[in-house]
Every structure is written in structure tokens, then in C-alpha cells.
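Note that this is a predicted model, so its numbers are computed, not measured.
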Amino acid sequence: MQAQDVQDDLKNVLFTKEEINAKVAELAARIDEDYEGKDVLLVGVLKGAIMVMADLSRALKGHYTMDWMAVSSYGSGTKSSGVVRILKDLDTDLTGRNVLIVEDIIDSGLTLAWLQQNLKSRGAESVEICTLLRKPKVVKTDVQVKYVGWDIEPEFVVGYGLDFAEKYRNLDCVATLHPHVYS
């Protein structure tokens with residue numbers, strides 16, 4: 001697939017590279033202020049959070065360490081099974097640590113609420129969440145999110161780590177797709 005073909009698939013760009021960079025810098029400034037002088041572990045949720053995690057970590061001014069998790073509640077289907085499986089666990093001991101989960105998007109929030117509880121049960125001092133995007137109209141649980149870039153409508157979006165069939169993650173913007181792409 002050529003680059004121009006990818007652009008032809010996009011229906012509407014919701015957030016440009018410049019808007020995303022500015023929002024990530026704004027989130028980083030708040031995080032730096034809130035965690036000044038604290039030992040903080042950033043936990044990226046694979047695969048979608050890779051872009052947010054990379055850019056956020058570069059925008060932060062303090063000392064932060066990073067680790068990664070991969071979790072799934074979908075199995076091979078397209079609807080959540082309700083059972084969360086850890087596909088890749090952390091390598092870091094959380095005892096006494098301040099943990100900041102970094103996400104690309106929050107839809108139902110069910111998996112993230114489970115993950116937050118799981119990490120708290122491992123002895124973390126605190127477990128907070130930072131997400132670039134949240135769809136408040138489809139959130140199904142009372143998951144507390146401390147840092148939110150933007151609240152968006154419940155439409156399917158791609159780019160900046162978000163994918164459709166593992167494609168479009170590499171886009172430097174967040175966009176919707178033309179229906180012919182996924183129909």
C-alpha cells in the first residue's frame with residue numbers, strides 16, 4: 001500500500017500531528033507537576049499506546065522509568081469475552097511505586113478498570129491513568145482517568161497507534177476511515 005493510498009482511506013482528520021504534539025506536551029507538564037520528586041513507572045499498554053508512550057516520555061522533564069503490558073479481553077473474536085488475559089506482563093516490581101498507565105484510547109473502560117485493580121493489588125502506592133482519547137458515551141464502568149487528552153464521539157478512529165486490522169498505526173494524526181475501507 002502506498003502512502004497516498006492510505007490518505008485516500010481517511011474520511012476525516014480529527015487531530016493533526018501538531019495538535020497531538022501540543023496536547024501531549026500539555027499532559028506531560030501536568031504529570032511533571034503532579035509527580036515532582038516521586039518515583040514513577042510509566043506502564044504502556046501494547047500495542048496501541050506505543051506512540052503516546054514514546055512522545056509522552058520524551059516530553060516529560062522528570063525521571064521516569066517505563067515498562068510494557070499486553071492484555072486482551074477479546075480472544076479471537078470482535079466482542080469482549082469479559083475475561084482479561086495478560087499476554088505480556090510487567091518486568092518491574094510495583095511495590096511502593098507510583099504507576100501511571102499510559103493508553104491510546106478508552107472505549108468501554110472494562111479492561112482498563114481490571115488492569116488498574118490488578119496493578120494496585122501488586123503493592124503499588126498509586127495507580128493512575130493517562131489516555132490521549134476517551135469515548136465517554138460508551139464507557140461502561142467508573143474507571144477514574146486522571147489525564148485525558150480529548151473526549152471524542154463513539155466513532156472508530158485510527159492513527160497515532162490506533163489500528164484497523166493492524167494498519168494505520170503509523171499515521172501521525174488521528175482520523176476516521178471511509179466506510180468502504182471496513183465494509
Does Asp9 form a side chain to side chain contact (heavy atoms under 4.5 Å, CB included) with Phe164? I'd like the steps, not just the answer.
CA-CA 11 Å; Asp9 291 348; Phe164 172 68; over 6 Å; no

Would a distance-only check, ignoring hydrogens and angles, find a side-chain to backbone donor-acceptor pair under 3.5 Å from Lys135 to Glu155?
yes

Any side-chain heavy atom of Asp34 sitting closer than 4.5 Å to one from Lys146?
yes

Can Arg97 and Asp67 be counted as an ion pair, charged N to O under 4.0 angstrom?
no

Same cluster for Trp150 and Met51 if Ile/Leu/Val/Met/Phe/Trp/Tyr side chains link at under 4.5 Å?
yes

Point-to-point distance, once rounded to the nearest 0.5 Å, from CD of Glu166 to NZ of Lys47
3.5 Å

Which atom of Ala28 lies closest to which atom of Leu60, heavy atoms considered
O-CD2, 3.5 Å

Measure from the side-chain N and O atoms of Asn12 to the backbone N and O of Thr176, and report whether any donor-acceptor pair falls under 3.5 Å.
no

To the nearest 0.5 Å, how far apart are CG in Asp8 and CG in Leu177?
12.0 Å

If hydrophobic clusters are built from ILVMFWY residues whose side chains come within less than 4.5 Å, do Leu119 and Ile129 share one?
yes

Thinking salt bridges, do Glu26 and Lys23 make one under a 4.0 Å N-O criterion?
yes

Between CG of Asp151 and CG of Leu133, what distance do you get to the nearest 0.5 Å?
9.0 Å

